[in-house]
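Report on the following structure.
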Amino acid sequence: MARLSVVLLLVVATALVLRWRRPAWYWMTFGVVLAALRVLVRYASVMDACGLTVPPSRWRLALSRVTDRPAPEPRAPRILRLRPTRTGLVLRLKLRPGQDAFDVSAATDRLRHSFGMYGVTAREVRSGVVELRMTGYDVLKRVQMPAKLDRAPMRIPVALREDGAVHYRDYRTVPHGLTLGATKSGKSVYQRNLVAGLAAQDVALVGIDCKQGVELFPLARRFSALADDQDTALQLLEALVSHMESVYQLIREQQRISVDVPDAEIAADIWDLTEDLRPPPVVVLVDEVAELALFASKEEEKRRDRIITALVRLAQLGRAAGIYLEICGQRFGSELGKGITMLRAQLTGRTAHRVNDETSANMAFGDISPDAVLAAIQIPADAPGIAVAGDSTGGWSRIRAPHISLRAAVNLCNKYADRTPDVPALAPFRPAVASSASGALTLNKASAVTA
C-alpha cells in the first residue's frame with residue numbers, strides 16, 4: 001500500500017511539473033485523456049447550460065404521454081467524432097433542427113470555461129455540421145511547428161494558429177499580402193519565415209529595403225534582385241512591370257485556343273504553361289512601404305508617384321504573370337498620399353502584429369472585420385510575434401511565427417543559393433556577393449541601369 005502511494009505521488013508530481021514547465025508534454029501524456037473524459041462526462045449538462053439544446057419534438061412528447069413515461073429531456077447536438085491532436089481536441093457536432101452554427105460560435109467562451117480548456121474556436125464544416133477545435137494549453141507561448149507539414153509550390157507554413165493548426169501563406173490562393181506592425185512587434189521574424197520557406201522553392205525573390213538593406217541584404221545569396229534606396233527601387237519596379245508585360249506576351253503566344261485543343265489546356269496564366277516554358281514566379285518583398293511613399297521635394301514627389309503607380313499595376317495585373325507582392329510597414333493609411341488606398345484594396349491577405357493605435361489596426365482590418373481590429377489592438381507588448389491574420393472574406397485568427405534568427409535565415413539562403421533563378425529583366429539588380437580575403441562575405445549590390 002505504501003509503495004502504491006509513493007507511485008501515485010510520483011505520478012502526480014510528474015504531471016504537475018510537466019504542466020508547469022512542458023505543457024505540450026503534459027498534454028500528450030496526461031492532459032488529452034483527462035480532457036476527453038471531462039468533455040464526454042460534462043457534455044449534456046454543458047450544452048444545456050449554454051443554451052445549445054432543443055426541446056423534444058412533438059411526436060416524442062406525444063409518445064411519452066401515450067406510454068405514460070416521463071417527458072423526454074432537451075436534446076444536445078449529436079457528437080459525430082472526438083479526435084485528439086497534439087495541441088487539443090477536435091469535436092465535430094451534428095446540429096439539431098432549428099439550431100444554427102452562429103449559436104455555437106457565440107458560446108465558445110462559455111464552452112471553454114465549462115470544459116476546462118485553454119481555447120475553443122468553432123467553424124461550420126458543412127450545412128448542419130460544426131467543428132469545435134479546443135486547445136489544451138497556450139500553443140502561442142512557445143511555438144513548435146509540427147513535424148509533418150503540408151508543403152506545396154507557392155504554399156509555405158509560416159506560423160501556428162491559436163487553435164493549434166498551421167497557418168500557411170498560399171500565394172496562388174491569396175496573391176498579395178500586407179503585414180503591419182510597430183517596432184519590435186515581430187514583423188522581421190515573420191518576414192524571415194517567409195524567405196526561409198520560399199528559399200527551397202523555384203521562385204525568384206525580389207527585395208526592396210530602403211533601410212540601406214540592413215534587413216534583406218544579409219539574405220542576398222538567394223535573391224534575384226535587391227534595392228536599398230528609392231531610386232533603385234523605382235528602376236526595379238519598372239523593370240518588373242516590363243517583365244510582367246513580356247510574360248503576358250509569352251502566355252498569348254502559348255495560349256492554345258485553336259478548336260482542336262481541349263478547353264482545359266488553354267493557358268490563362270503561367271501555371272497553365274508547360275514547365276519548360278513557364279517563367280519562374282516572382283515574390284516581391286517590400287520591407288518598409290512608407291519609405292517608398294514619403295517625399296520632401298517636387299522631384300521626390302514625382303519619383304514617389306511613379307513608384308506607387310508601378311506597385312498598383314503589379315498588384316492589379318501581376319497575379320497571372322506569377323508576380324506576388326508582400327508589403328510590410330508600420331502604417332499604411334491615406335496619409336501616405338494618393339494611390340495608397342487603391343494599393344491596399346488589392347492586398348487580399350492581411351497580417352497585423354502589435355500596433356501603437358487603433359487607427360493602424362483599422363488600416364489592416366477596418367474594411368474586413370471589426371472583431372479583427374479589436375483583437376489586433378489587444379496584442380500585448382511583451383509577446384512579440386503574435387499577430388492577427390485575416391483576408392477579404394472576413395475570417396481571421398491569432399497566429400505566431402516561430403522564432404528564426406537572422407543567422408539561421410542566412411544559412412538557409414546560402415544553402416539554397418543555387419536555386420536562385422536567372423531572370424533577365426532583373427539581372428542588373430542582382431546582388432553581387434564577393435568573398436573578402438579574411439573569408440567573410442561582403443555583399444555589394446550590383447549597379448543598376450540608370451533610367
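Note that the coordinates shown come from a computational prediction; the quantities given were computed from them, not determined experimentally.
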**Asked** How would you list, by chain and number, every residue that makes a ring pair (Phe, Tyr, Trp, His ring centres under 6.0 Å) with His243, sequence neighbours excluded?
**Response** none
**Complete:** So CD1 of Ile399 and OG1 of Thr351: to nearest 0.5 Å the spacing works out to 5.0 Å
**Message:** For Arg161, is the CZ atom crowded, meaning more than 12 foreign heavy atoms sit under 6.0 Å from it?
**Reply:** yes
**Item:** pair Leu80-Leu93: side-chain heavy atoms closer than 4.5 Å
**Value:** no
**Request:** Check step by step if side-chain contact (heavy atoms from CB on, under 4.5 Å) holds for Val312 and Gln316.
**Result:** CA-CA 6 Å; Val312 170; Gln316 290 179 335; 3.8 Å; yes
**Prompt:** Can you tell me how far CD1 of Ile156 sits from CD of Gln201, rounded to the nearest 0.5 angstrom?
**Reply:** 7.0 Å
**Asked** Distance from Ser114 atom OG to Met47 atom CE, nearest 0.5 Å?
**Response** 9.0 Å
**Request:** Calculate, to the nearest 0.5 Å, the distance between atoms CG and SG belonging to Leu205 and Cys413 respectively.
**Result:** 7.5 Å
**Item:** Results of side chain to side chain donor-acceptor pair (under 3.5 Å) for Thr341 - residues two or more places apart only
**Value:** none
**Item:** Contact summary for Ile327 and Val289, nearest pair of heavy atoms
**Value:** CG2-CB, 3.6 Å
**Request:** Could you grab the distance from atom CZ of Arg96 to atom OG1 of Thr53, nearest 0.5 Å is fine?
**Result:** 10.5 Å
**Message:** By the salt bridge (Lys or Arg N to Asp or Glu O under 4.0 Å) test, which pairs, at least two apart or in different chains, include something from residues 356-366?
**Reply:** Arg331-Asp357
May I have the list of side-chain donor-acceptor pairs in residues 142-153 shorter than 3.5 Å, sequence neighbours left out?
residue, atom, partner, partner atom, Å
Asp150, OD2, Arg155, NH1, 3.1

**Request:** Apply salt bridge (Lys or Arg N to Asp or Glu O under 4.0 Å) to Asp48 and list each qualifying residue two or more places apart in sequence or on a separate chain.
**Result:** none
**Asked** What's the shortest heavy-atom distance between Pro380 and Arg354, and which atoms?
**Response** O-CD, 3.7 Å
**Request:** Just grab all the salt bridge (Lys or Arg N to Asp or Glu O under 4.0 Å) pairs involving residues 188-213, residues at least two apart or on different chains.
**Result:** Asp202-Arg419, Lys211-Glu215, Lys211-Asp287
**Asked** Going by heavy atoms in the side chains, are Glu326 and Val286 under 4.5 Å from each other?
**Response** no
**Complete:** Across all chains, not counting sequence neighbours, the ring pair (Phe, Tyr, Trp, His ring centres under 6.0 Å) partners of Tyr171 are Tyr324
**Prompt:** What pair of heavy atoms forms the shortest contact from Val139 to Gly164, and how long is it?
**Reply:** CG2-N, 4.2 Å
**Request:** State which residues pass side chain to side chain contact (heavy atoms under 4.5 Å, CB included) with Asp138; sequence neighbours excluded, sorted by chain then number.
**Result:** Tyr118, Leu140, Lys141
**Request:** Could you list the residues that satisfy salt bridge (Lys or Arg N to Asp or Glu O under 4.0 Å) with Glu162, not counting sequence neighbours?
**Result:** Arg398
**Message:** I want to check something: taking the side chain as every heavy atom from C-beta on, are Arg38 and Met117 in contact at a cut-off of under 4.5 Å?
**Reply:** yes
**Complete:** Here the pair of heavy atoms bringing Pro421 nearest to Ser224 is O-OG, 3.2 Å
**Message:** Assess the residue pair Leu180 and Met363 against the criterion (side-chain contact (heavy atoms from CB on, under 4.5 Å)); give the C-alpha distance rounded to whole Å, side-chain angles, the decisive distance to 0.1 Å, and a yes or no.
**Reply:** CA-CA 9 Å; Leu180 294 179; Met363 295 173 187; 4.1 Å; yes
**Asked** Would you say the side chain of Pro175 lies within less than 4.5 Å of the side chain of Ile323, judging by non-hydrogen atoms?
**Response** no
**Request:** To the nearest 0.5 Å, tell me how far Leu178 CG sits from Phe332 CZ.
**Result:** 5.5 Å
**Prompt:** What is the minimum heavy-atom distance between Pro281 and Val203, and which atoms define it?
**Reply:** O-CG2, 3.3 Å
**Request:** Could you check Leu292 against Cys210 for side-chain contact (heavy atoms from CB on, under 4.5 Å), going step by step and ending with a plain yes or no?
**Result:** CA-CA 8 Å; Leu292 299 179; Cys210 291; 3.6 Å; yes
**Prompt:** Going by heavy atoms in the side chains, are Leu226 and Phe217 under 4.5 Å from each other?
**Reply:** yes
**Asked** So, do Val195 and Phe223 sit near enough that their side-chain heavy atoms are less than 4.5 Å apart?
**Response** yes
**Complete:** Hits for salt bridge (Lys or Arg N to Asp or Glu O under 4.0 Å) against Arg123, two or more places apart or cross-chain, chain-then-number order -> Glu131
**Request:** Using a 4.5 Å cut-off on heavy atoms from C-beta on, say whether the side chain of Thr121 contacts that of Met134.
**Result:** no
**Request:** With sequence neighbours left out, write down each residue that passes side chain to side chain contact (heavy atoms under 4.5 Å, CB included) with Leu317, or none if nothing qualifies.
**Result:** Met244, Tyr248
**Message:** So which atom in Leu236 and which in Ala225 form the shortest heavy-atom distance, rounded to 0.1 Å?
**Reply:** CD1-CB, 3.7 Å
**Partners meeting side chain to side chain donor-acceptor pair (under 3.5 Å) with Asp276 (sequence neighbours left out)** = Thr274
**Prompt:** Considering residues, nucleotides and ligands other than Arg313, do more than 12 of their heavy atoms fall under 6.0 Å from its CZ?
**Reply:** no
